[in-house]
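Please read the structure below before turning to the comments.
Atoms within a ligand are numbered from 1 in the order they appear, just like the ligands themselves. Residue indices begin at 1 and follow the sequence shown.
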Amino acid sequence: MKTTTGGQKTSISMTHNILTETRFDSFDLTPELLQGLQHGNYEFCTPIQEMALPIALQGRDVAGQAQTGTGKTATFLVAMFKTLLSTPSGNGAKQPRALIVAPTRELARQIASDARQLGKFIDLKISLAYGGTGYQQQLDDIGQGTDILIGTPGRLIDFYKQQIYRLDCVQVVILDEADRMFDLGFIKDIRYLLRRIPKPTKRQGMLFSATLSYRVLELAYEHMNSPELVRIEPEQITAKSVNQSAFYPANEQKYSLLIGLLRTKNPKRSIIFVNTKKAGELVSAYLSANGFAPGVLSGDVPQKKRQWLLEQFQGTALDILIATDVAARGLHIPEVTHVFNFDLPQDVEDYVHRIGRTARLGSQGEAISLACEKYVYSLPEIEKFVGQKIEIMPMTEDLLPEIEKPVTRNPRWHGPSKGTTGAKGRERVRRVRQKSTAAKRA
Ligand code: AMP
């Protein structure tokens, strides 16, 4: 495997302006593809695009180290379209010619949305297969034949086993967020799919991952055709473009500090990361009791509700989102001004992913971590990984206001309990409360 690493030029351009001077129209692309790029306002390449496209546009395999926010999606989509447009399909049956596998449904949907934008003027059908919702609709759509199939492993395999589509016509295969596929236990499924598509020498393979760890590289060696490694080092992304700081609160000061920070910083749009679903419940309850209206996103929030929350967050209806790592992975949320690590993550890669939500494509963002007694021990490792010291800020009085405690003893993770809304529901709650107060008095 050959390696191309971001050199001096890349790190300079990322510091001051995350776009490089390389223009998309300097590549040999078809007019429809250039039109799609123009339509999506893509003019200059990001560093990963500048480094990976010259290789991938020749039809060669690429294993890229890049996280969400670097422009990796457009990198593999542009290369995929170019390969599909310059290679005869060789099948009249409308079987998938490109297969894109992503670890989460949000990421799969985001990729499909970017592909539809870039491929707006290209006559290739794009279909989605992801779990949790829309089973029959997806099945019917794919069953009618498609060119580009994007999905999460479980649903892709389910439809494959039912012979809804075939894998023998695949000319381009893309694995996005490969490291996350391992974390989420999808690796067996990935191997299942990779073993059923044509051999590495007969198709183009692209793999992107936040880290090119040993296990990811092993997968690349096994299933790709001498891939070239393209790395954008995490510290080049995080250290330069995100303003990072931390506080050392005691465990019991965390809610007050978070509320103090939200009040003083007054962020336009922020994500508060927590390590557990339970912590998310509590943060949500505390914020609600103190005049904020956060949305909460965890892995077990139903799909419909997630989509609704994201739409609210992408618009102006919701400006604070509380999330766990699993739920937030791969989501594209534009213009997040602040990331708060209510809990410092225990995994350094999660830290990079979290703070990568802010400062996308050149905008300056702020990441503030509450390094409490429980999780502070991950700080040295994080500093080593991002290659810089994170400034510790003093906890001034204005940052530790008196706060209201949540009224509910049992704050719920998302939304009110069943049967507690509407006039009848409220009446029921009132009766239950009355009864319990009466019981206490007695
Ligand atoms: P990604 O890293 O693929 O999640 O991309 C992050 C965001 O940047 C997406 O909204 C893309 O549409 C956008 N983007 C990617 N590359 C470029 C580019 N070269 N110029 C402008 N926007 C871009």
Quick check: [X] and ligand 1, any N/O pair under 3.5 Å apart?
{"X": "D114", "answer": "no"}
{"X": "G71", "answer": "yes"}
{"X": "A74", "answer": "no"}
{"X": "Y42", "answer": "yes"}

Quiz item: Relative to the ring of Y377, is the ring of Y375 parallel (under 30°), tilted (30 to 60°) or perpendicular (over 60°)?
Solution: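 Ring orientation of Y375 relative to Y377: tilted.
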How are the rings of F76 and F208 set relative to one another: parallel (under 30°), tilted (30 to 60°) or perpendicular (over 60°)?
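Aromatic pair F76/F208 classed tilted.
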| query | Looking at R354 and D325, does any basic side-chain N land under 4.0 Å from a carboxylate oxygen? | reply |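 Salt bridge: yes.
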- Item | Under-4.0 Å salt bridge between D183 and R215 |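 Yes, charged N to carboxylate O under 4.0 Å.
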Only counting residues at least two apart or in another chain, list the ones meeting side chain to side chain donor-acceptor pair (under 3.5 Å) with Q35.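 Side chain to side chain donor-acceptor pair (under 3.5 Å) list for Q35, sorted by chain: empty.
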My understanding is that only residues two or more places apart in sequence, or in another chain, count here; which of them pass side chain to side chain donor-acceptor pair (under 3.5 Å) with Q38?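 Scan of Q38 (side chain to side chain donor-acceptor pair (under 3.5 Å), adjacent residues dropped) gives none.
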Quiz prompt | Qualifying residue, where the test is side chain to side chain contact (heavy atoms under 4.5 Å, CB included) with K72 and the options are E177, Q49, M206 | solution =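 Running side chain to side chain contact (heavy atoms under 4.5 Å, CB included) over E177, Q49, M206 with K72 returns exactly one hit, E177.
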Exercise for the section: Tell me which one of Q49, Q117, R23, K72 gets a heavy atom nearest to atom 16 (N) of ligand 1. Expected result: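 Selected option, by shortest heavy-atom distance: Q49.
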With atoms numbered from 1 as shown, which atoms in ligand 1 lie under 4.0 angstrom from a non-hydrogen atom of [X]?
{"X": "T70", "value": "2 (O)"}
{"X": "F24", "value": "19 (N)"}
{"X": "T73", "value": "1 (P), 3 (O), 4 (O)"}

Fill in: For ligand 1, the portion of Q110 having any non-hydrogen atom under 4.0 Å away
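Contact part for Q110 vs ligand 1: neither.
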**Report entry** Location of contacts on F44 toward ligand 1, heavy atoms closer than 4.0 Å
**Finding:**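 It is the backbone that gets close, since no side chain atom is under 4.0 Å.
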